[in-house]
J.: 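Let me begin by handing over the structure; questions about it come next.
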Amino acid sequence: MVLCAVRQQLLSSSSGCAAWTRLLQRQSRGCVYSSIHGFNQEEIKEKLQAFPGGSIDLLKQESGVAVLTINNPSRMNAFSGSMMVDLEERVSQLESWTDGKGLIVQGAAGTFCSGSDLNAVRAISNPQDGMKMCMFMQNTLTRLLRLPLISVALVEGRALGGGAELLTACDFRLVAPGCVIQFVHKHMGLVPGWGGAARLVHIVGSCQALKLLSGALKVEPELGLQIGLADGLLEAPQVEEGAGSLQQQAENWLSRFTKGPAPVIRAVKKVVLSGRELPLSEALRTEKDVFGTVWGGPANLQALASRSKHK
Ligand SMILES: CC[C@@H](C(=O)O)C(=O)SCCNC(=O)CCNC(=O)[C@H](O)C(C)(C)COP(=O)(O)OP(=O)(O)OC[C@H]1O[C@@H](n2cnc3c(N)ncnc32)[C@H](O)[C@@H]1OP(=O)(O)O
């Protein structure tokens, strides 16, 4: 169902986007898990909806940068079951947002996310349902990371367990003073289940990932920057004129990379994504296909016209 929606959106935008469809088909058939893995998305969505609370809010801005907010403050932004379903639906909306260039993922009320709602976890603790929730969240976070948008996690307060896994599903992480990222899974007798371990190895390397997971180490801003889990440090918001809100600072940081026509910014994310995920020959073919979507396009022709005056 996801691939159909994604394919339809991409093909409807322009014939050039057939390249992106081929990438999705080559890479993942849209998701990590499908019916051939015994995964039934509608079945697990129905189970998850039985655990309500909180919301995942999405604001798509004229600037082409959207803000996704994990909103369950009474539970330190823990993911209820219905929030997991919400997240998948917001990712679908972002997959269809053809004007999008960037995404900021943040938590409400001064903290990021404290993982799964433990009340829900207790209720779906049988292995079958746990694995289905795991596959659902792996599919959703993989699609989040594969969005043709440049994504930034704005990490404030605490990012624990699944919350720490969520921030690994963004391209970059900006940390606020005093925040703590902690993969607490070992303390729960678990390992990451939402894909956080696989992505963490790509971000910080296997040795650092092994330390963070086996030690359930608390990663504060200084360590995060040192090991590459954090890409920038935000300033504590000043009441008087100053750095601006954390979200404003994050938007300013992101703006350096999203400045320009959406088709070009989206093409940049696509070629980096294929370079990161595909074997070299496939990545080169995808790069050629994506190149074909911008070569001779409006932005390219306008740039050539403006430079032809420089004799
Ligand atoms: C794949 C991983 C995934 C999974 O296995 O499904 C997981 O993520 S498992 C969950 C991992 N997360 C945790 O273990 C964090 C648990 N929470 C805490 O350690 C603390 O609450 C905190 C986040 C460090 C904050 O501590 P503190 O500042 O002392 O506040 P409180 O503890 O009083 O919390 C306020 C309020 O929020 C509720 N809360 C917090 N986290 C969760 C959560 N993950 N699930 C459900 N509820 C949560 C907490 O119970 C308090 O509620 P009240 O007691 O009703 O006030």
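Just follow the structure's listing: the first ligand is 1, and inside any ligand the first atom is 1. Predicted model only: the values in this text are computed from it and were never measured.
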J.: Pick, from Gly195, Ser114, Ala120, the option with the minimum heavy-atom distance to atom 11 (C) of ligand 1.
T.: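 That would be Ser114.
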J.: Please tell me if atom 45 (N) of ligand 1 is touched by the protein, where touching means a protein heavy-atom distance below 4.0 Å.
T.: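 Under the 4.0 Å cut-off, atom 45 (N) of ligand 1 does have protein heavy-atom neighbours.
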J.: Are side-chain N/O atoms of Thr142 and Arg199 paired as donor and acceptor at under 3.5 Å?
T.: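 Side-chain D/A pair, Thr142 to Arg199: absent.
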J.: Is Gly163 close enough to touch ligand 1? Criterion: a residue heavy atom under 4.0 Å from a ligand atom.
T.: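 It does not; every heavy atom stays at 4.0 Å or beyond.
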J.: Give the ring-plane orientation class for Phe39 versus Phe136, where under 30° counts as parallel, over 60° as perpendicular and anything between as tilted.
T.: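 Phe39 and Phe136: tilted rings.
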J.: Nearest protein heavy atom to atom 55 (O) of ligand 1, by residue and atom, and its distance?
T.: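 Looking at atom 55 (O) of ligand 1, the protein heavy atom closest to it is Arg75 NH1, 3.3 Å.
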J.: Could you tell me if any non-hydrogen atom of Met137 lies under 4.0 Å from any atom of ligand 1?
T.: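 No, Met137 has no heavy atom closer than 4.0 Å to ligand 1.
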J.: Between Asp57 and Ser55, is any side-chain donor less than 3.5 angstrom from a side-chain acceptor?
T.: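 Ser55 and Asp57 do have a side-chain donor-acceptor pair below 3.5 Å.
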J.: Measure Cys134 to ligand 1 on non-hydrogen atoms and call it side chain, backbone, both or neither using the 4.0 Å cut-off.
T.: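 Under 4.0 Å from ligand 1, Cys134 contributes no heavy atoms.
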J.: Should you measure from each heavy atom of Arg158, which atoms of ligand 1 turn up under 4.0 Å away?
T.: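 Under 4.0 Å from Arg158, ligand 1 has these atoms: 24 (C), 25 (C), 28 (O).
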J.: Is Leu254 linked to Leu174 within one hydrophobic cluster, defined over Ile, Leu, Val, Met, Phe, Trp and Tyr using a side-chain heavy-atom separation of less than 4.5 Å?
T.: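 In one cluster: yes.
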J.: Counting both backbone and side chain atoms, is some N or O of Asn119 under 3.5 Å from an N or O of ligand 1?
T.: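 Not met; the criterion fails.
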J.: Determine, counting only non-hydrogen atoms of the protein, whether one lies under 4.0 angstrom from atom 30 (O) of ligand 1.
T.: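 Flag for atom 30 (O) of ligand 1 set to false, no protein heavy atom closer than 4.0 Å.
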J.: Which ligand 1 atoms are under 4.0 Å away from a heavy-atom of His185?
T.: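 By the 4.0 Å cutoff, the relevant atoms are 1 (C), 2 (C).
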J.: Going hydrophobic residue to hydrophobic residue with side-chain gaps under 4.5 angstrom, can you get from Val65 over to Trp97?
T.: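 Cluster IDs for Val65 and Trp97 differ.
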J.: With a sphere of 6.0 Å drawn around NE2 of His37, does it hold more than 12 non-hydrogen atoms of other residues, nucleotides or ligands?
T.: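 Check passes, neighbour count above 12.
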J.: Just let me know how Ala78 lines up against ligand 1, side chain, backbone, both or neither, with a heavy-atom cut-off below 4.0 Å.
T.: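 Side chain only.
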J.: So if I count the atoms of ligand 1 from 1 in the order they appear, which ones are less than 4.0 Å from some heavy atom of Val121?
T.: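 Selected atoms, number and element: 6 (O).
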J.: Is it the case that more than 12 heavy atoms not belonging to Lys60 sit under 6.0 Å from its NZ atom?
T.: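 Counting neighbours around NZ of Lys60, more than 12 heavy atoms of other residues, nucleotides or ligands fall under 6.0 Å, so yes.
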J.: Taking only non-hydrogen atoms of Glu165, do any sit less than 4.0 angstrom from ligand 1?
T.: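 It does, in that a heavy atom of Glu165 comes within the 4.0 Å cut-off of ligand 1.
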J.: Less than 3.5 Å apart, any donor N or O on the side chain of Thr286 or Glu282 sitting next to an acceptor on the other?
T.: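 There is no such pair (donor and acceptor under 3.5 Å, judged by atom type) between the side chains of Thr286 and Glu282.
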J.: Tell me the protein heavy atom at minimum distance from atom 7 (C) of ligand 1, and give that distance in Å.
T.: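 Closest protein heavy atom to atom 7 (C) of ligand 1: Ser116 N, 3.5 Å.
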J.: For atom 8 (O) of ligand 1, find the nearest protein heavy atom and state the residue, atom name and distance (0.1 Å precision).
T.: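 Answer, as residue, atom name and distance: Gly162 N, 2.8 Å.
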J.: With a cut-off of 4.0 Å, which atoms of ligand 1 are near a heavy atom of Leu190?
T.: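 Reading through ligand 1 atom by atom, the close ones are 5 (O).
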J.: If you measure from each non-hydrogen atom of Thr111 to ligand 1, which part falls under 4.0 Å: side chain, backbone, both or neither?
T.: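 No part of Thr111 comes within reach of ligand 1.
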J.: Suppose I only count heavy atoms of Gly161 and a 4.0 Å limit; which atoms of ligand 1 are within that range?
T.: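 So the atoms of ligand 1 that pass are 8 (O).
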J.: Numbering the atoms of ligand 1 from 1, which are under 4.0 Å from a heavy atom of Met133?
T.: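 Those atoms are 6 (O).
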J.: Mark up the atoms of ligand 1 that fall under 4.0 Å of a heavy atom belonging to Leu160, in ascending order.
T.: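 Taking each heavy atom of Leu160 in turn, ligand 1 has 15 (C), 23 (C), 24 (C) under 4.0 Å.
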J.: Determine the minimum heavy-atom distance between Asn139 and Tyr33, stating which atoms define it.
T.: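 Smallest interatomic distance, heavy atoms only, reads OD1-N, 2.8 Å.
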J.: Between Gln93 and Glu89, does any side-chain donor sit less than 3.5 Å from a side-chain acceptor?
T.: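 Short answer, no.
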J.: Starting from atom 16 (C) of ligand 1, which protein heavy atom do you reach first, and at what distance in Å?
T.: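 Closest protein heavy atom to atom 16 (C) of ligand 1: Leu118 CD1, 3.9 Å.
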J.: List the steps, then state whether side chain to side chain contact (heavy atoms under 4.5 Å, CB included) holds for Val67 with Gln247.
T.: CA-CA 9 Å; Val67 181; Gln247 183 181 322; 3.5 Å; yes
J.: Which of the atoms of ligand 1 are close to Met188, meaning less than 4.0 Å from one of its heavy atoms?
T.: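 Near Met188, the atoms of ligand 1 are 9 (S), 14 (O).
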J.: Would you mind telling me if ligand 1 is within reach of the side chain of Asp117, the backbone, both or neither, using heavy atoms under 4.0 Å?
T.: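 It is both parts that get close, each with some atom under 4.0 Å.
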J.: Does atom CD of Glu43 have more than 12 heavy-atom neighbours from other groups under 6.0 Å away?
T.: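 Atom CD in Glu43 is packed in, count exceeds 12.
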